[in-house]
Amino acid sequence: MSTTPSAARPRVFSGVQPTSTLHIGNYVGALRQWVEQQHEGDNLFCVVDLHALTVPEEIDPEGLREAVRSVAALYFAVGIEPDKNTVFVQSHVREHTELTWLLNCVTPLGWLYRMTQFKAKSEGRESVGTGLLDYPVLMAADILLYDTDRVPVGDDQVQHIELTRDLATRFNHLFGETFKLPKAVLPRFGARIMGLDDPEVKMSKSIAAKVDGHAINLLDDEKRVRKAVMAAVTDSGRELRFEHASPGVRNLLAIYQALTGRPMPEIEAELEGAGYGQLKKAVVGVVMDTLTPLQQRYREFMDDRAELDRLLADGAERAAAIAARTMERVRAAMGVG
Ligand code: AMP
Ligand code: TRP
């Protein structure tokens, strides 16, 4: 394989969908890992807008364009440095869709029906679009197009990355060594943040859009954050006992730990026996310490639209150069183009 990045700098690829605003789960599960590891790898961070089209009734073309810019601004606002990373919009590099088709042709349908995200999202819908089923193949194309070594994500995406590996293996078996096998990389803490209103379900953008108090959104002001955290479900106890912490209390602790980065024994020493009110106040404090500077930088990027567009155009150009080389290899392997 000619485009393999140097062994010292692994190729890293990840993305987030531009659906409404991002929440604290997206931050600790994905974005913060990207920032922490940005100097170790040769990184591509993508705003995956094509993935946001899978439910046609929900497509809002104007809203989507704005959400793409907003998510890109958030990438930079959390600390992704534009000159050290390739930040771009998926639909600006056409090879993503081309590779998806070629991979579709080697994907057994059964593999897609088995995906838990597909099962969850299609459940109860009268009609399910092909795009919803095909979503993981587009994601595999994103990853394989760049000879990716590592994919930093939250734990809900691990199954999709396993599918990507299976697809690459199958393709290589059928058409000769073409793709590298990527690995999922999970954060040390906070791979799965749960809803504040219901600690049995994963914090998710779709619930956050409907239910106040479900999530902490990255653009929430202090008043909203306080309201959501203070109302978070705990249990009938009043004081924190680490040994018997309920799911709601554990979730607050997970957020606290993820944002402070401190080891659990140290947090235990600080908070054992504290009232739930005190724990919640501590959580509001660390959340605002994270969000306040982030929101300030976000506004700066959003206010300079020309600069944001320039950064994204530059990112797309760099990504396209890599994608074009991979596609030459793939087309040759399959006998097209
Ligand atoms: P999505 O919101 O599905 O576009 O997810 C974007 C990224 O955030 C992926 O890497 C997810 O694994 C991660 N993520 C989403 N929700 C959570 C959560 N509740 N806890 C931790 N990571 C999450
Ligand atoms: N499916 C991912 C999610 O919902 C987003 C995504 C699309 C992605 N393509 C990707 C993540 C490639 C990592 C690598 O979170």
Side-chain angles (χ1 to χ4, degrees), residues 11-34 37 43-55 67-68 70-71 74-75 78 88-91 93 96-97 99-100 103 115-118 120-121 131-132 134-165 167-168 182-209 214-218 247 250-251 254-255 257-259 319 323:
R11 175 68 53 73
V12 176
F13 184 100
S14 196
V16 173
Q17 291 184 60
T19 30
S20 61
T21 171
L22 308 190
H23 53 64
I24 203 88
N26 299 129
Y27 178 70
V28 296
L31 298 183
R32 204 200 28 186
Q33 278 202 86
W34 305 355
Q37 296 163 18
N43 313 315
L44 295 112
F45 298 122
C46 185
V47 182
V48 291
D49 58 346
L50 299 171
H51 277 103
L53 303 175
T54 53
V55 183
V68 164
S70 172
V71 169
L74 278 172
Y75 284 8
V78 298
F88 72 105
V89 180
Q90 186 185 33
S91 64
V93 179
H96 290 250
T97 43
L99 183 56
T100 301
L103 292 177
M115 294 292 108
T116 51
Q117 189 166 311
F118 171 71
K121 295 214 165 156
L132 199 62
D134 205 30
Y135 179 107
V137 181
L138 176 59
M139 178 161 163
D142 297 341
I143 296 169
L144 298 177
L145 203 44
Y146 300 97
D147 291 324
T148 302
D149 299 294
R150 296 194 201 166
V151 189
V153 283
D155 91 345
D156 59 342
Q157 295 303 314
V158 170
Q159 193 185 34
H160 289 157
I161 295 162
E162 288 302 317
L163 180 95
T164 303
R165 291 170 64 88
L167 262 178
K183 281 202 181 72
V185 180
L186 297 181
R188 263 185 318 140
F189 315 119
R192 194 178 187 83
I193 299 294
M194 311 307 278
L196 296 178
D197 60 327
D198 180 357
E200 304 294 334
V201 303
K202 188 190 70 159
M203 185 178 284
S204 88
K205 291 173 187 162
S206 51
I207 303 179
H214 169 74
I216 299 169
N217 288 318
L218 298 186
R250 278 206 303 276
N251 191 40
I255 295 173
Q257 181 181 30
L259 294 183

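Start at 1 and go down the list; that is how both ligands and their atoms are numbered. What you see is a predicted model; the values in this text were computed from it and never measured.
- Ligand 1 has a nitrogen or oxygen under 3.5 angstrom from a nitrogen or oxygen of I193.
- Within the 3.5 Å criterion, the main-chain N or O of M115 finds no donor-acceptor partner in the side chain of Q159.
- Only the backbone of R192 comes within 4.0 Å of ligand 1, counting heavy atoms alone; no side-chain atom from C-beta on gets that close.
- Here the CD atom belonging to Q90 is positioned 12.5 Å from the CG atom belonging to L44, to the nearest 0.5 angstrom.
- Looking at ligand 1, you'll find an N or O of K205 within less than 3.5 Å of one of its N or O atoms.
- No salt bridge links D147 with R11; every basic N to acidic carboxylate O contact stays at or beyond 4.0 Å.
- Side chain of H214 to main chain of S204: a donor-acceptor pair is present (N/O by atom type, distance under 3.5 Å, no hydrogens or angles).
- No donor-acceptor distance shorter than 3.5 angstrom exists from the side chain of Y27 to the backbone of L259, with no hydrogens or angles considered.
- For ligand 1, the polar-atom distance check finds an N/O of N26 within less than 3.5 Å of one of the ligand's N/O atoms.
- Residue contact check: G190 has heavy atoms under 4.0 Å from atoms 21 (C) of ligand 1.
- Aromatic ring pairs are classed by plane angle as parallel below 30°, tilted from 30° to 60° and perpendicular above 60°; the pair F13 and Y146 is parallel.
- Under the 3.5 Å distance criterion, the side-chain polar atoms of N251 are matched with a main-chain donor or acceptor of M194.
- For H51 (side chain) and Y135 (main-chain N/O), a donor-acceptor pair under 3.5 Å exists by modelled atom type.
- Closest heavy-atom approach to atom 12 (O) of ligand 1 within the set I255, D156, V153: this belongs to D156.
- Taking every heavy atom of G29 and a limit of under 4.0 angstrom, the matching atoms of ligand 1 come to 21 (C), 22 (N).
- At the top of the distance list for atom 3 (O) of ligand 1, counting protein heavy atoms only, stands Q17 NE2, 4.2 Å.
- Remark: ligand 1 atoms within the under-4.0 Å shell around heavy atoms of V16 are 4 (O), 6 (C).
- In this model, no donor atom of one side chain and acceptor atom of the other lie less than 3.5 Å apart for Q117 and D156.
- At under 3.5 Å, a nitrogen or oxygen of G154, whether backbone or side chain, sits near a nitrogen or oxygen of ligand 1.
- When hydrogens are left out, the protein atom nearest atom 21 (C) of ligand 1 is A191 O, 3.1 Å; that is the closest non-hydrogen contact.
- A distance-only check finds no donor-acceptor pair linking the side chain of D155 to the backbone of R192 [under 3.5 Å].
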Could you list, one pair per line, each nitrogen or oxygen of ligand 2 together with any protein nitrogen or oxygen closer than 3.5 Å, giving atom names and the distance rounded to 0.1 Å?
unit_1, atom_1, unit_2, atom_2, d
ligand 2, 1 (N), Y135, OH, 2.7
ligand 2, 1 (N), Q157, OE1, 3.1
ligand 2, 4 (O), Q17, NE2, 3.4
ligand 2, 4 (O), Y135, OH, 2.9
ligand 2, 4 (O), Q157, NE2, 3.4
ligand 2, 9 (N), D142, OD2, 2.7
ligand 2, 15 (O), Q157, NE2, 3.4

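- Between the side chain of K121 and the backbone N or O of T54 there is no donor-acceptor pair closer than 3.5 Å.
- In terms of N/O distances under 3.5 Å, ligand 1 is approached by G25.
- Close approach of ligand 1 to A30 (heavy-atom distance below 4.0 Å) involves ligand atoms 7 (C), 8 (O), 10 (O).
- Side chain of R165 to main chain of P182: a donor-acceptor pair is present (N/O by atom type, distance under 3.5 Å, no hydrogens or angles).
- Residues passing the side chain to side chain contact (heavy atoms under 4.5 Å, CB included) test with L53, sequence neighbours excluded: L50, I59, L64.
- Ligand 1 has at least one atom lying under 4.0 Å from a heavy atom of H23.
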